[in-house]
S.K.: 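I'd like to ask some things about the structure below.
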Amino acid sequence: MFEFKKTTQLQRKRMTVRVWVAGIFALMCFCLLGARLWHLQVVRHDGLSARADQNRITVVPIPPRRGEIVDRNGIVLASNHRDYTLSVVPAQVSGSLEDMLDEIATLVEIRPRDRRRFLQNVNQSGRYSSILLRNNLTDEEASWFAAHAWRFPGVKLSARWVREYPHGETAAHVLGYVGRISEADLQQLEEEGNIGNYRGTQVIGKKGIEKTWEEVLHGRTGVEEVEVTASGRPVRTLSRIDPVPGANLRLSLDIHLQKAVEAEFEGRRGALVAIEPRTGEVLAFVSAPSFDPNLFIDGIDVENWKRLNESPDYPLVNRPLTGTYPIGSTYKPFVALAALELGKRNPHERIPDPGYFELGGQRFRNAGGVAYGPTDMHRAIVVSSDTYFFSLGPEIGVNALHDFAKQFGFGQRTGIDLDGERRGILPSTEWKRNAYKKPSQQRWYAGETVSVAVGQGYNSFTLLQLAQATAVLANDGVYMRPHLVEEIHWPRTGEVEKPVTEPSHVIPLKPENLAIVRNAMVDVIRKGTARRVFQGAHYQAAGKTGTAQVFSLRGARYDASAVDERLRDHSLFMAYAPMEDPQIAVALIVENGGWGSTVAAPIARKVFDFWLAPERVEARRAASAATYQPALTHETGEEEAGGESPDAVVPPEQLPPAAPEDDAPAPVAPAAPQPTLRIQLRSVE
């Protein structure tokens, strides 16, 4: 009996211990759970709440509407329209891409070109990028696909703003174009700290105004917070920050003048720049031939790229901005002005012109061997006497000429609001030392100064520089930076901003010296090399013709009919009008066109006639008095070879006899090496 009671007591003690141990263990577990709950709910509340919101809320970027570009009259040059697109993330597609494309083609049209471009972009961009398959879907096509979208995982139908250039090839080198954002673009945006502003944006400015003014045109990206389900279906919009549209740009370009000039260059290669001297506004900027910027918006196809890139006419090259040329006799008015300002020659002093200039036993001859006899500065400019300017070169000196011409913008970037402007070459002794490695090549020779003084030798300028220098000359030495954007219109605030309002600098020129050069340029039009072209004009222009040689004749007589078309002389002309109140300055080149007086000058005459027509002058005066409203308007004879010399003021039979041609022609200095395309010319005037 005693043993039984003892066993029962032991069992009770053991049970009690077990109960306490179990209770303590359970209490510890609840304490741990409570501590963990406190840690999650209190300590990590902020982080976990943010993660929960990230799973629940999707941030959707809202790309802004790109600013539009209009000409000086408000005519739209670059606009936007809404477009439905199909894009694909290849990694999310179930099955093969080919099968997916075949199935989509039963709902919407997929052209072979679209299919080929899509597959090419897949190889270039990777399987996790969103790749455009088809754009410009009609409303009917978009509706059909939307009803069957569930069948195509990884394929997205969306609407976007699409850039459009309603005038096609007109002013393409000015406007440039937009294109799909590349890896290089993304890297540059990241370096600039602007990558966040391009979330959701598919295109970016690649060339021209579109690239130079990209930051202004693009605007600011908006943001929309959307609550979604676990499957990603949107439930509601929580908040929204509207995008800020890009600013509208009003260009100084006149699209009517631009089209008129481009029509004159139809079938030709060349360039023309027209500038308003008092303001620096670019009125026309022509590079011929041109291209259609609409081809580049969603990526140009292989066929069109090969056609443009392999064309011998180089339509993608912006000739006024990047083509460099020795400008021949159009340089002579600036050389004459340099001689006057530096006190190197009396303008009334007569220099004998037997048809050649001799230096160091070598003869530098006039074009065609024409001899003009005793010639002063006025006559030298009018008849384009090479001998007179040959003799000026050593007197002025290459370094002094460099310093003087630099003020007009020669050999310098003008600062125009376009990307990729070339500097060109304004030679000096320092330039030659830096351009060549061998000591024998670094030495400057007196004969090289002779060539430089007539726009030959190492001189290599852009047509934009020549047009700007002409505008500065017409504007009494006041240098207004050439620009294409006349006004920036900010849509949110209505603010209007003018990029250029003050001159960059003023060249201290003596009025009497300006008058001498200008009067000579007027006589070039009245009775000189361009007298026939400007007969009957209701205004008085001042200008200078030029002809530039493409390759060395090596003493042979030039005969255009016996030379390949692309080896013929280039035709140049520079002028401004009216003489008493300059409203427009023009410089142009027609590649392989021949004499400047018979090919280039007639184009300039048509430009002046168009711009200075009385009804257009009155219309501009009325427009200048009105306030510009960005309510955009949409608009969608050469002489035979062997004829009269273009530099002759009198008939050939009345000219002095030509000098004998038994002497070797003046050597032409070799061109400095250029890293990119350089159109090399040689003056023959």
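Only heavy atoms go into these numbers, but all of them, side chains included; no hydrogens, no water, no symmetry mates. Just so we're clear, the structure is a prediction, and the values are computed from it rather than from any experiment.
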S.K.: Strictly below 4.0 Å, N to O, side chains only: are Arg113 and Glu303 in salt-bridge contact?
M.R.: no

S.K.: Indicate yes or no: does Lys206 engage Asp185 in a salt bridge with an N to O separation below 4.0 Å.
M.R.: yes

S.K.: Do side-chain atoms of Asp313 reach the backbone of Pro289 as a donor and acceptor pair under 3.5 angstrom?
M.R.: no

S.K.: Is the backbone N or O of Gly415 less than 3.5 Å from a side-chain atom of Arg481, with the two atoms forming a donor-acceptor pair by type?
M.R.: yes

S.K.: Not counting sequence neighbours, list each pair that qualifies as a ring-ring contact (aromatic ring centres under 6.0 Å, His included) and has a residue in residues 173-195.
M.R.: His173-Phe291, Tyr177-Phe296

S.K.: Which residues pass the ring-ring contact (aromatic ring centres under 6.0 Å, His included) test with Phe152, sequence neighbours left out?
M.R.: Phe145

S.K.: Quick one: does Ile297's side chain get under 4.5 Å of Asn135's, heavy atoms only?
M.R.: no

S.K.: Check whether more than 12 heavy atoms from other residues, nucleotides or ligands sit under 6.0 Å from atom NZ of Lys498, and answer yes or no.
M.R.: yes

S.K.: Using only atom types and a distance under 3.5 Å, with no angle test, would you say the side chain of Asp83 pairs donor to acceptor with the backbone of Arg160?
M.R.: no

S.K.: Is the count of non-hydrogen atoms from other residues, nucleotides or ligands lying under 6.0 Å from Arg423 atom CZ greater than 12?
M.R.: yes

S.K.: Could you tell me whether the side chain of Thr322 and the main chain of Val317 form a donor-acceptor pair under 3.5 Å?
M.R.: no

S.K.: For Lys306, what residues pass the salt bridge (charged side-chain N to carboxylate O under 4.0 Å, His left out) criterion, not counting sequence neighbours?
M.R.: none

S.K.: When the ring planes of His505 and Tyr479 are compared, do they come out parallel, tilted or perpendicular, using 30° and 60° as the limits?
M.R.: parallel

S.K.: Look only at the side chain of Thr324 and the backbone of Ser460, and say whether a donor-acceptor pair between them is shorter than 3.5 Å.
M.R.: no

S.K.: Quick test of your reading of the model: are Glu214 and Arg66 salt-bridged, counting only N-O distances below 4.0 Å?
M.R.: yes

S.K.: Is the number of heavy atoms from other residues, nucleotides or ligands under 6.0 Å of Glu192 CD greater than 12?
M.R.: yes

S.K.: Quick check against the 3.5 Å criterion: does Gln465 have a side-chain atom that pairs as donor or acceptor with the backbone of Gln412?
M.R.: yes

S.K.: Please check this pair: side chain of His167 against backbone of Ala78, looking for a donor-acceptor N/O pair closer than 3.5 Å.
M.R.: no

S.K.: Asn197 side chain to Gly219 main-chain N or O, any donor-acceptor pair under 3.5 Å?
M.R.: yes

S.K.: Kindly say whether Glu164 contributes a backbone atom to a donor-acceptor pair with the side chain of Asn80 at under 3.5 angstrom?
M.R.: no

S.K.: Any sub-3.5 Å donor-acceptor pair from Asp254's side-chain atoms to Leu283's backbone N or O?
M.R.: no

S.K.: Going by the rule ring-ring contact (aromatic ring centres under 6.0 Å, His included), which residues pair with Phe265 if we only count those two or more places apart in sequence or in a different chain?
M.R.: none

S.K.: Taking ring-ring contact (aromatic ring centres under 6.0 Å, His included) as the definition, give me every residue that meets it alongside Tyr165, ordered by chain and number, with sequence neighbours left out.
M.R.: none

S.K.: Going by side chain to side chain donor-acceptor pair (under 3.5 Å), name the residues that satisfy it together with Thr201, two or more places apart in sequence or in a different chain.
M.R.: His218

